[in-house]
> 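Here's a structure for you.
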Amino acid sequence: LYGIIYTCAKSDIQGLSGNLSGLQCGKSVAVSYFGLFAVGDCSIDTAVKNGGIDEIRYIDRDCSSILGYTQITTTVYGTIKKKRTNDETK
């Protein structure tokens with residue numbers, strides 16, 4: 001679902017919606033300029049790594065576009081099973 005001039009759409013990819021409080025959140029973003037150049041990484045894997053998530057509970061994706069500029073954001077909600085040390089986060 002994309003509009004030529006303006007788009008603002010949100011879609012659920014996986015999981016059950018509901019109360020997401022208390023869950024860790026990670027995001028990943030990619031942008032496109034007039035469909036000519038696209039940069040970024042809006043993958044689920046990158047969102048999981050950015051949030052430090054071990055177990056995925058819910059995933060959604062937002063797409064916003066206005067006059068040739070498009071941004072896609074993937075948001076992953078989940079839990080952390082273990083405490084990370086400094087060596088594991090590098």
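Nothing here was measured: the structure is a model prediction, and the numbers come from that model. Only this structure's heavy atoms are used, side chains among them; waters, hydrogens and symmetry mates stay out.
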> With hydrophobic residues grouped by side-chain heavy-atom distances under 4.5 Å, do F34 and L67 end up in a single group?
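No; L67 is not reachable from F34 via cluster members.
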
> Take atom CD1 in I5; do more than 12 heavy atoms of anything else shown fall under 6.0 Å from it?
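Count not over threshold, so no.
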
> Could you tell me whether the side chain of T74 and the main chain of C42 form a donor-acceptor pair under 3.5 Å?
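Judged by distance alone, yes, a pair lies under 3.5 Å.
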
> Just by distance, no angles: are the side chains of S43 and D41 close enough, under 3.5 Å, to form a donor-acceptor pair?
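There is such a pair between these side chains.
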
> Please name the pair of heavy atoms, one in K10 and one in D62, separated by the smallest distance, quoted to 0.1 Å.
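So the minimum-distance heavy-atom pair works out to CG-OD1, 2.9 Å.
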
> Do L23 and T79 come close enough that some side-chain heavy atom pair is under 4.5 Å?
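The answer is yes; the side chains approach within 4.5 Å.
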
> Is the closest side-chain heavy-atom distance between V39 and V31 below 4.5 Å?
yes

> Y77 versus D60: any side-chain heavy-atom pair under 4.5 Å?
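Yes; the side chains approach each other to less than 4.5 Å.
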
> Does any non-hydrogen side-chain atom of N50 lie less than 4.5 Å from one of K27?
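K27 does not reach N50 side chain to side chain.
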
> Looking at Q71 and V29, what are the two nearest heavy atoms and their distance?
CG-CG1, 3.7 Å

> Under the 3.5 angstrom rule, does the side chain of Q24 hit a backbone N or O of I53 as a donor-acceptor pair?
no

